[in-house]
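As structure tokens, the structure follows; a few thoughts come after it.
A note on names: the letters A, B, ... follow the listed sequences, proteins ahead of strands, and every chain is numbered from 1.
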Number of protein chains: 2
Amino acid sequence: MKHINIKALALELNLSVSTVSKALNDSYEISEETKQRVLETAARLNYVPNPYASSLRGRKSKNIAVVIPEVADSFFSLAINGIESVAKTKGYHVLICLTHESFENEKTILKEFQGGRVDGVLLSVSTETTNCSHISDLITNGLPIVFFDRACDDVETAKITTDDFESAYKATEHLIQQKADRIAFLSISKSLSISNKRLEGYLKALEDHHIKVDQKYIVDCTNDPEQNYKLIKKLLQQKHKPNGIVASVEKLTTPIYTACKDLQIKVPEDLKIVCFSNLEIAAILNPSLTTITQPAFEMGKMAATLLFKALENRNFSLVKEDFMIQSTLVVRDSSS
Amino acid sequence: MKHINIKALALELNLSVSTVSKALNDSYEISEETKQRVLETAARLNYVPNPYASSLRGRKSKNIAVVIPEVADSFFSLAINGIESVAKTKGYHVLICLTHESFENEKTILKEFQGGRVDGVLLSVSTETTNCSHISDLITNGLPIVFFDRACDDVETAKITTDDFESAYKATEHLIQQKADRIAFLSISKSLSISNKRLEGYLKALEDHHIKVDQKYIVDCTNDPEQNYKLIKKLLQQKHKPNGIVASVEKLTTPIYTACKDLQIKVPEDLKIVCFSNLEIAAILNPSLTTITQPAFEMGKMAATLLFKALENRNFSLVKEDFMIQSTLVVRDSSS
DNA sequence: CTAAATTACGAAAACGGTTTCGTAAATAAA
DNA sequence: TTTATTTACGAAACCGTTTTCGTAATTTAG
């Protein structure tokens, strides 16, 4: 069975290619009768238009890209679902591109988009990304970009983020209220905006409650689980070891719990834990994990909606479209 | 800044379009000197070729599709990483398409591929998929397909699966050895091949150990977490309630643990649990969860490798390429 | 020194759609 | 009845590449 194209279809119908094309696109130029006949034959012959030919002629791909660090992360996989749900209604396809937290990968991926592969981009930058000129370049080239979660402050385009400062503040304050006074903060990146805002929220909470900041308690984690385990273990083996932890990223859950088990630290008695996480399974950990949960699905949905607004209305500017959504602190047994 | 194409590039270089194209593709027809000049100018002008034009002309998209039920699942997200790792080396892009366990979605997605959007497909079918003619259709149309994990037995093409029968057998036997004698089996689908093989492995293990099969203990779960919770709760509230559970899919972990907590069932004393799961976090559940872990990354890698073999060598047949990889039973506290 | 082969490039035809424009026939307006 | 408009379709250009083929200029072989 060969690949059937519009030419073959036209031949079968004894019509011109242009008439068939118009019929398929429901053009007013074509009579209802002909449209029916075309649609019917197209269905019978299993005709599916070549998307690349359409994209080429129409100069739009009907594709959007989602560029994220990882897919094996509950925040991102939920966000994808949100994005997909709106892309579907718009008849768009979603290209998922993974940077694996590498700046080089991110640059390569975005560079490729210059060629017109996608009509717009939803982006959450890698932990390594400090310089954002590769992103600005794309925007000046006319490709609309919407950040979600991990944004670049100095790039002027729409951003969907959560109240990272306030969440971290609330989380830290919560631990303080639970009588923790030596609270550690586990960060993911020195450059990432969300990471810094979370750090600032933590610092502000300490300050407001007159707790002295101790640099020993601020740990920069890596992308390597083994390494993180070691760092956390070291943190928890100090002389004045912390009795509270605010972890700013989901993937630290396992190393924290493992370290506590290995060092026989009792949670929450000896150590109270809060973690930024969207893991459904947080509730059945033992002790169940207190989390700051981001509205991942909603964020994906909003980001996509905004992007489509820009795609559908060329003079809609993304520049001043910043939205901050609230995360929620879900208190569970690990902190109370 | 406008979109620069090969024509503009040729103009800038005072060369013909064909020469530039050949230079970019490192053709032997072009002198080293010219190639250098072209490459340099292309880089300077930030030229990126339009992938759709190339695809159209070359009649190949340099894209492969990964069609899976969900992305928020550790098996699939790990498999994606495996697939991506090999696609990258081949210069291919990966389109991730989600069926959300819906047969209709699956059909729509695959149908679209008839148009030539992708050169090949890696597929794990939805739980609803019983009829596989939409898949055979694609194959007869010349699109190579490789199944991974969830395959259709009656479609003749390559399949990368795990030893579902043996794994379920081993899991069940393990529970028996731990003195469980009323073992329940939680299934995901009545039609899915892997689900049935797992069920058979469970049944065979019971038979070999002279344990009578009780239909009450075999529960078909759904895609709705709420519903699953109710089903499991009901299972665990029976008069002769089970003292062992083999769960054939990862997403049942939460409802099982929640039900046990709510019903105050002690694990592993009153109930021993094994679950098919790739969750890293299984180890820090309390009690830590005994799992059957599939080599997800490897499976993705193998499936992709096989697909590329078929793409690169047109007379390589996928028909008899079935591979079964071993899963491993990781015994943890929930069963011993 | 001439003929054959090679080198390095350009013109033009694809690829499979969409869109613009032109035009007969049918209908409506004058 | 004549003219203007509408309807329904087809021819051909176009989107941005790649590839085939043709050909001057240069090199090599005889």
Side-chain angles (χ1 to χ4, degrees), chain A residues 2-39 41-42 45-63 91 112-119 141-142, chain B residues 2-39 41-42 45-63 91 112-119 141-142:
Chain A
K2 307 294 293 303
H3 201 252
I4 179 161
N5 57 23
I6 201 173
K7 210 163 148 185
L9 184 55
L11 205 72
E12 171 85 13
L13 282 157
N14 260 328
L15 285 172
S16 77
V17 167
S18 37
T19 303
V20 174
S21 172
K22 287 173 197 164
L24 291 171
N25 291 300
D26 201 26
S27 160
Y28 70 96
E29 289 185 21
I30 306 297
S31 70
E32 276 312 315
E33 197 190 339
T34 309
K35 278 182 192 170
Q36 283 307 319
R37 217 161 59 85
V38 171
L39 254 27
T41 316
L45 297 190
N46 239 300
Y47 168 74
V48 179
N50 181 309
Y52 301 121
S54 313
S55 294
L56 181 56
R57 172 64 224 226
R59 258 103 136 273
K60 55 181 162 25
S61 65
K62 285 274 191 173
N63 283 152
E112 255 231 35
F113 295 159
Q114 305 253 14
R117 183 178 289 276
V118 296
D119 300 340
N141 267 27
Chain B
K2 308 293 293 299
H3 200 252
I4 179 163
N5 57 23
I6 201 172
K7 210 163 147 186
L9 184 55
L11 206 71
E12 172 84 13
L13 282 157
N14 261 326
L15 285 173
S16 77
V17 168
S18 37
T19 303
V20 174
S21 172
K22 286 173 196 165
L24 291 170
N25 291 299
D26 201 25
S27 158
Y28 70 95
E29 289 184 21
I30 307 298
S31 69
E32 275 312 314
E33 197 190 338
T34 308
K35 278 182 192 171
Q36 283 307 318
R37 218 161 59 84
V38 171
L39 253 27
T41 317
L45 298 189
N46 240 301
Y47 168 72
V48 179
N50 182 308
Y52 301 121
S54 310
S55 294
L56 181 56
R57 171 63 224 223
R59 262 107 135 272
K60 57 183 162 21
S61 65
K62 283 272 190 177
N63 283 152
E112 256 231 33
F113 295 159
Q114 306 253 13
R117 182 177 288 274
V118 296
D119 300 340
N141 266 26

Tell me if a side-chain donor or acceptor on [X] pairs with a main-chain N or O of [Y] at a distance below 3.5 Å.
{"X": "Ser21(A)", "Y": "Val17(A)", "answer": "no"}
{"X": "Ser61(A)", "Y": "Arg117(A)", "answer": "yes"}
{"X": "Asn25(B)", "Y": "Ser27(B)", "answer": "no"}

How many angstroms lie between atom [atom1] of [X] and atom [atom2] of [Y], to the nearest 0.5 angstrom?
{"X": "Thr34(A)", "Y": "Glu32(A)", "atom1": "OG1", "atom2": "CD", "value": "9.0 Å"}
{"X": "Asp119(A)", "Y": "Lys62(A)", "atom1": "CG", "atom2": "NZ", "value": "8.5 Å"}
{"X": "Ile6(B)", "Y": "Leu15(B)", "atom1": "CD1", "atom2": "CG", "value": "10.5 Å"}
{"X": "Leu24(B)", "Y": "Thr19(B)", "atom1": "CG", "atom2": "OG1", "value": "10.5 Å"}

Dump every N/O contact between nucleotides 18-20 of chain D and the protein below 3.5 Å, one line per pair.
residue: dT18(D); atom: OP1; partner: Asn25(B); partner atom: ND2; Å: 3.4
residue: dT18(D); atom: OP2; partner: Ser21(B); partner atom: OG; Å: 2.7
residue: dT18(D); atom: OP2; partner: Asn25(B); partner atom: ND2; Å: 3.3
residue: dT18(D); atom: O2; partner: Arg57(B); partner atom: NH1; Å: 2.7
residue: dT19(D); atom: O4'; partner: Arg57(B); partner atom: NH2; Å: 3.3
residue: dT20(D); atom: O4; partner: Lys22(B); partner atom: NZ; Å: 3.4

Query raised in the report: For Arg59(A) and dG16(D), is the shortest distance between a side-chain N/O and OP1 or OP2 below 4.0 Å?
Result: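 Answer is yes, contact under 4.0 Å.
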**Request:** Respond yes when some side-chain nitrogen or oxygen of Asn50(A) is under 4.0 Å from OP1 or OP2 of dG16(C), and no when none is.
**Result:**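 No.
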Could you tell me the separation between the [atom1] atom of [X] and the [atom2] atom of [N], rounded to a whole number of Å?
{"X": "Asn5(B)", "N": "dC15(D)", "atom1": "CG", "atom2": "C1'", "value": "10 Å"}
{"X": "Asn14(B)", "N": "dC9(C)", "atom1": "CG", "atom2": "P", "value": "13 Å"}
{"X": "Asp26(A)", "N": "dT19(C)", "atom1": "CG", "atom2": "P", "value": "13 Å"}
{"X": "Tyr28(B)", "N": "dC9(C)", "atom1": "OH", "atom2": "C1'", "value": "12 Å"}
{"X": "Leu11(A)", "N": "dA11(D)", "atom1": "CG", "atom2": "P", "value": "12 Å"}

For the residue pair [X] and [Y], establish whether any side-chain heavy-atom pair is separated by less than 4.5 Å.
{"X": "Asn63(A)", "Y": "Tyr52(B)", "value": "yes"}
{"X": "Val38(A)", "Y": "Leu13(A)", "value": "yes"}
{"X": "Leu45(B)", "Y": "Leu9(B)", "value": "yes"}

Checklist line | Terminal axes of the helix from dC1(C)-dG30(D) to dA30(C)-dT1(D) (five pairs each): angle between them, nearest 10 degrees | finding: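 Roughly 40°, once rounded to the nearest ten degrees.
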inquiry  = Quick check on contacts: within residues 30-37 of chain A, what sits under 4.0 Å from DNA chain C by heavy-atom distance?
reply    =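 Nothing qualifies; none.
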- For atom NZ of Lys35(B), is the number of surrounding heavy atoms from other residues, nucleotides or ligands below 6.0 Å larger than 12?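 It does: Lys35(B) NZ has more than 12 such atoms within range.
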